[in-house]
There are 2 protein chains.
Amino acid sequence: MLTSPMTDLRSNTVSLATPSPSGTSWQRQAKLWSSLKEVCDLLRISARIVNDDFQFQHMQFKAGQRIHTIGQPFDMLYIVNSGFLKTVMIDELGNEQVLGFPMKGDMFGIDGIHRKQYSTETVALTNCDVILVPFKTFSTLGRTHAELEAAIYGVMSRELVREQAMVGTLGSLSAEARVARFLVFLSERFAEMGYSGSQFNLRMTRQEIGNYLGLTLETVSRTFSAFNAIGMISVDQRAIMIHDLQSLRTLRRLPPSRLRNKTEAAKKRAAGQQMAVA
Amino acid sequence: MLTSPMTDLRSNTVSLATPSPSGTSWQRQAKLWSSLKEVCDLLRISARIVNDDFQFQHMQFKAGQRIHTIGQPFDMLYIVNSGFLKTVMIDELGNEQVLGFPMKGDMFGIDGIHRKQYSTETVALTNCDVILVPFKTFSTLGRTHAELEAAIYGVMSRELVREQAMVGTLGSLSAEARVARFLVFLSERFAEMGYSGSQFNLRMTRQEIGNYLGLTLETVSRTFSAFNAIGMISVDQRAIMIHDLQSLRTLRRLPPSRLRNKTEAAKKRAAGQQMAVA
DNA sequence: CGTTAGCTTGAATACCTTCAAAGTAGGTGG
DNA sequence: CCACCTACTTTGAAGGTATTCAAGCTAACG
């Protein structure tokens with residue numbers, strides 16, 4: 001019961017992750033240009049574009065490739081068309097700090113505007129299709145398309161709010177609550193993208209999740225196991241199945257493990273959730 | 001002249017029209033309007049403004065007053081001309097999360113663009129003089145002043161980078177390192193403003209600092225005391241004197257207190273432990 | 001089929017928080 | 001002017017949460 005859907009998901013990842021030397025079909029089939037209108041749709045912007053003649057170039061990246069690096073001169077913004085990435089900062093001691101996991105519809109590279117060079121780097125976690133948006137072109141278009149200009153400001157503001165919410169999370173929540181929210185966040189994003197919000201594969205390592213959430217990889221792993229044990233989710237390596245999204249949403253702190261392991265209530269609840277899903 | 005535009009803007013600013021009988025001098029002397037050029041200087045923007053005729057209104061707030069509140073319809077950006085404030089988010093349980101301490105030259109309210117209403121609120125910690133920047137006016141001016149437009153994007157990007165740095169801090173640094181960096185940050189800002197960077201008064205409580213840094217007020221207090229004990233700084237309530245800025249900059253972790261306080265005892269105890277183990 | 005990167009789990013410990021109590025400063029009213 | 005009140009700060013002691021270190025395990029890749 002648990003196995004089949006998960007292997008389905010995994011096979012999905014595998015096919016993406018291993019394009020054989022000959023099997024470059026994903027690249028050949030890839031779309032190479034998008035109109036301004038398509039870009040706006042991707043960004044969930046409601047701009048009525050009249051002069052829809054401008055075309056933005058796409059670029060394909062394989063897992064592990066860098067889209068931009070720290071210190072590189074800024075001239076582009078990027079929009080994810082497909083695939084998963086991570087954006088990281090590197091501190092003075094060379095330690096990575098994961099800042100986010102851009103996915104379909106997200107814009108990244110905004111941090112580069114300020115100093116005219118990127119202060120972060122973004123790496124593809126899977127094969128990706130990314131739209132290149134020359135910043136100068138974009139802002140010029142904004143001057144003649146009022147709605148687009150508003151949208152640019154809106155996207156930048158949205159990123160700021162997202163970052164602020166992250167500060168709130170890191171500053172005040174327990175490890176369990178952070179991991180729970182991370183799962184909710186992923187679930188919602190997958191659902192928005194038209195995939196299942198209740199079962200999906202993580203594209204990032206425990207290390208990356210932990211770093212993002214201000215935790216160690218061991219704590220992330222243990223927390224997944226704990227959620228699994230009480231029936232909130234099922235975990236098998238990267239494969240996640242969410243059984244009780246609402247509990248994840250509102251979770252603040254798990255009851256101590258000594259109370260968790262052998263209580264009738266917990267078992268009942270877990271059983272009930274299984275039933276509800278099935 | 002003063003009353004009508006302010007009552008137009010915000011109901012909670014009505015109180016400004018009725019200042020207390022005794023302490024009005026700072027208000028009477030306050031500057032009421034700034035040109036676009038002056039605004040750009042304040043933001044540290046190098047825009048060559050030709051048509052320098054537009055005027056932005058100032059507004060004075062007393063300590064404790066709110067400049068904007070959560071959920072309030074967005075139409076203004078704000079720039080601090082003088083004074084100190086705090087920006088806070090409030091989570092679903094009503095807990096405050098301090099996001100920043102805007103001071104001279106900082107812009108706030110940017111978070112409101114995204115959803116057309118503010119997602120944060122900003123409160124004056126001291127009496128303040130704030131410049132009101134109607135967002136629509138600002139972006140319109142940007143269309144004709146290329147450098148101003150670039151500057152607007154730049155300021156928004158700067159805020160994003162600042163928030164990202166904060167995530168990095170919360171995610172990876174010890175309590176001591178966070179407090180140390182906070183002091184360095186304040187020192188640098190005071191120096192930029194033309195005040196002493198080595199001797200200043202905190203404008204915020206331990207509670208607010210702790211909340212901002214993801215720590216409890218007790219931890220902040222203890223950390224100040226520890227820095228004081230080793231001579232890095234002097235603390236007396238809100239008064240701070242920084243003796244060793246460089247150490248604060250690079251501090252990662254303090255040596256354990258038992259090694260700090262009484263070296264002889266520590267050596268003995270360490271020796272004892274060695275013996276016990278051997 | 002071995003190697004490697006990633007994941008899980010256990011045990012010990014460090015760090016920070018929580019709870020508590022006492023001290024300090026500033027403002028207000030008697 | 002002093003006493004009181006409140007908000008803020010300091011410090012101690014106990015306890016819990018997350019980290020660190022370590023070992024074994026899984027899965028993917030050549």
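Remember, it's a predicted structure, so these values are computed and weren't measured experimentally. Naming convention: chains lettered A, B, ... in sequence-line order (proteins, then strands); numbering from 1 in each chain.
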[X] [atom1] to [N] [atom2]: how many Å, rounded?
X: B:Ile209; N: C:dT17; atom1: CD1; atom2: P; result: 14 Å
X: B:Gln237; N: C:dA25; atom1: CD; atom2: P; result: 6 Å
X: B:Leu217; N: D:dA7; atom1: CG; atom2: P; result: 14 Å
X: B:Leu213; N: C:dC16; atom1: CG; atom2: C1'; result: 14 Å
X: A:Arg222; N: D:dA23; atom1: CZ; atom2: C1'; result: 13 Å

Any [X] side-chain N or O less than 4.0 Å from OP1/OP2 of [N]:
X: B:Arg238; N: D:dT9; answer: yes
X: A:Ser225; N: C:dT9; answer: yes
X: B:Ser221; N: D:dT9; answer: no
X: B:Arg206; N: D:dT9; answer: yes
X: B:Thr219; N: C:dC16; answer: no

- Message: Distance alone, cut at 3.5 Å: any donor-acceptor contact between the side chains of B:Thr69 and B:Gln72?
- Response: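 A donor-acceptor contact under 3.5 Å links the two side chains.
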- Ignoring the backbone of A:Ser174, work out which of D:dT9, D:dA18, C:dC16 is nearest its side chain.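 The answer is D:dA18.
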- Side chain of A:Glu218 only, please: which of D:dT11, D:dT20, C:dC16 is the nearest?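 The answer is D:dT20, which lies nearest to the side chain.
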- To 10°, what angle do the rotation axes through the five end pairs on each side of the helix from C:dC1-D:dG30 to C:dG30-D:dC1 form?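 The end axes of the helix from C:dC1-D:dG30 to C:dG30-D:dC1 are about 40° apart, to the nearest 10°.
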- Item | Option among A:Lys86, A:Gln65, A:Arg66, A:His68 that satisfies the side-chain hydrogen bond (donor to acceptor under 3.5 Å, both in side chains) test with A:Thr122 |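 Among A:Lys86, A:Gln65, A:Arg66, A:His68, the one that satisfies the side-chain hydrogen bond (donor to acceptor under 3.5 Å, both in side chains) with A:Thr122 is A:His68.
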- Message: Name the residue from A:Phe190, A:Phe185, A:Tyr212 that meets the ring-ring contact (aromatic ring centres under 6.0 Å, His included) definition with A:Phe101.
- Response: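 Of the listed residues A:Phe190, A:Phe185, A:Tyr212, the ring-ring contact (aromatic ring centres under 6.0 Å, His included) partner of A:Phe101 is A:Tyr212.
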